[in-house]
Amino acid sequence: MVFFVVFFHSMRRKVFVMPVRTRFAPSPTGYLHVGGLRTALYAYLFARQHGGTFILRIEDTDQSRKVDGAMERLIEALEWSGLQYDEGPGKGGAAGPYIQSQRLPLYREHADRLIAEGKAYRCFCTPQRLETMRSAGATKYDRLCRSVTTDESRKRAEAGEPHVVRMVIPDGGEVLLHDEIRGDVSFAMDLLDDQVLLKSDGFPTYHLAVVVDDHHMGVTHVIRGEEWLPSTPKHVLLYRYFGWDVPSFSHLPLLLNPDRSKLSKRQGDVAVEDYRDKGYLREALVNFVAFLGWNPGDEREIFTLEGLVKEFSLDRVGKAGAVFNIEKLNWMNQQHLKLKHDADLLPLVRPLLAAKGYAVTDDAYLVKVIGLLKERIVLVNDFSDAAGYFFRDPETYDEAAKNKNWKPETGAHVRIVTDAFSASPSFDAASLEAALRTVAESLGVGAGKLIHPVRLAVSGVSNGPSLFHMLEVLGKESVIRRLHAAVERLG
RNA sequence: GCUCCCGUCGUCUAGGGGUUAGGACACGAGCUUUUCAAGCUUGCGACACGGGUUCGAUUCCCGUCGGGAGUACCA
């Protein structure tokens with residue numbers, strides 16, 4: 001079943017129906033910003049929820065900011081996060097190409113059309129002149145080149161004189177626009193600049209490209225960051241100039257640093273890749289970022305991507321910026337870690353341990369280790385420290401634990417436990433626990449007097465998973481060997 | 001400066017003309033437990049300020065203050 005969004009075109013009282021199409025349109029700067037991930041996520045959720053299409057479009061119209069491999073990295077990060085796009089680079093689609101630098105003739109054509117209709121004009125002013133104006137206090141271009149005649153303009157352009165194309169902003173009046181999140185917002189036309197649409201290198205500026213592409217790609221809902229709100233009136237004007245229907249706009253609140261400025265590098269990690277590399281699960285990062293500015297209206301907090309698709313709604317997106325709070329992300333990561341099946345963590349954990357130099361050949365064994373540890377760590381990467389003794393006999397024993405739990409008589413007691421373990425018909429947690437408790441009883445000591453030393457002897461540390469389950473996973477041979485070694489070394 | 005947006009616990013937020021202003025993270029205490037986590041119980045903690053409107057404002061309106069964004073041949 002496909003859902004449709006109905007647009008009421010009030011002027012003509014005509015109703016037309018069109019399938020939802022949203023897009024994520026990042027500029028390839030070298031990585032995927034978590035704010036970008038949140039924007040992409042909302043656009044994705046909205047599209048999926050309405051049975052619509054989610055498009056990825058690369059906005060690479062700034063030649064001076066080209067970064068090699070940036071687009072590939074961005075796509076990789078987006079795919080890691082689990083947001084699958086339906087149309088875009090590498091995926092194709094009827095509205096392609098989806099890389100703006102490959103659509104140059106289209107923008108040129110539209111700029112020419114505007115010029116021909118008197119809605120844009122060539123501007124031959126030099127960057128130096130503009131700079132001088134600005135330093136003299138000007139806040140807008142003085143529209144000098146508007147008075148260049150059509151004829152002269154054409155001749156100078158044909159003669160190869162460098163120029164840009166600017167849009168004509170009408171005098172007086174205001175632009176009223178509706179934002180799904182903020183309601184009606186109006187801007188005085190007099191404050192708008194004669195925005196550059198086409199740069200002297202032939203590339204479009206964002207303003208032209210975004211309008212032309214959103215229209216030609218059939219984007220019905222523009223979902224983007226709040227930083228775009230001030231330039232939206234120019235976009236609305238362009239839609240009108242071209243005679244196109246204006247899409248629905250949703251300007252999302254910004255993600256903030258702890259000091260409430262726009263989330264930036266310098267004050268912590270902003271790249272999705274950073275979080276991935278630190279050991280955050282995609283599920284956790286997506287869940288967390290979804291809740292920065294949105295909530296389902298009840299008290300549920302842990303969601304999968306599928307769950308978010310079901311519950312998401314633009315109506316419940318807040319207006320105020322949200323501080324990116326690592327503590328809560330950590331907690332969410334823990335929650336998602338607990339939710340994951342042990343075997344599903346295997347591909348994430350195996351390389352970590354391999355990098356540590358452990359011989360991880362037995363996947364079944366590793367899955368058991370994961371099961372024991374996953375509830376007591378925060379990040380996936382924590383496995384590499386926490387799992388050490390499952391792959392290597394302890395070389396040292398925690399000093400504090402030794403002082404606390406290893407008394408003069410302990411060695412003898414552990415020896416008896418070792419014998420009991422050796423004699424145990426089966427090496428499962430329940431049998432081992434029974435064996436140890438029997439020993440404790442016969443010695444007339446509390447079970448803790450044996451449990452703690454055995455843990456220390458076997459793992460080298462004083463904390464970890466349930467002891468008997470840990471012993472079961474380690475296996476008889478390894479446990480007996482370690483107990484002997486510990487008695488030897490600790491007395 | 002100008003324009004626009006925003007303002008509930010430290011943080012993420014629910015709520016909305018009459019509520020003991022709810023939840024989550026973090027922090028404190030306790031319970032549980034063989035340790036560590038987890039879990040459970042519990043504590044601390046907020047409607048920026050000032051005017052209106054109203055019988056009654058945290059909620060609606062205006063202003064102030066505060067914060068943010070934008071103000072490029074960047075996106």
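Here the structure is a predicted model, which is why all the values come from computation and not from measurement. Below, read A as the first sequence line, B as the second, and so on, with proteins coming before strands; counting in each chain starts at 1.
A ring pair (Phe, Tyr, Trp, His ring centres under 6.0 Å) with A/F288 is found for exactly one of A/Y275, A/F324, A/W331, namely A/F324.
In this structure, A/E226 does not pair ionically with A/K262, as no charged nitrogen and carboxylate oxygen lie closer than 4.0 Å.
The base of B/rC5 does not come close enough to the side chain of A/R182 for any donor and acceptor atom to sit less than 3.5 Å apart.
Remark: B/rU54 base-pairs with no nucleotide; criterion is Watson-Crick or G-U wobble with both hydrogen-bond distances under 3.5 Å.
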Summarise protein proximity over nucleotides 68-75 of chain B in one line of letters, 5' to 3': B for base, S for sugar-phosphate only, - for none, counting protein heavy atoms closer than 4.0 Å. SSSSSBBB

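Nearest to the side chain of A/K338, among B/rA38, B/rA24, B/rU34, sits B/rA38. Comparing B/rA24, B/rC5, B/rC36 by their closest approach to the side chain of A/L229 singles out B/rC5. For A/V323, counting side-chain heavy atoms from C-beta on, the closest listed nucleotide (B/rC5, B/rC25, B/rU11) is B/rU11.
Residue A/N295 has a polar side-chain atom (N or O) positioned under 4.0 Å from OP1 or OP2 of B/rA14.
A donor-acceptor pair is defined here as one N or O able to donate and one able to accept, closer than 3.5 Å; no such pair exists between the side chain of A/Y107 and the backbone of A/T205.
Remark: the A/Q267 side chain and the A/D259 side chain contain an N/O donor-acceptor pair separated by less than 3.5 Å.
Across B/rG23 and B/rG15, the matching P atoms stand 15 Å from one another, rounded to whole Å.
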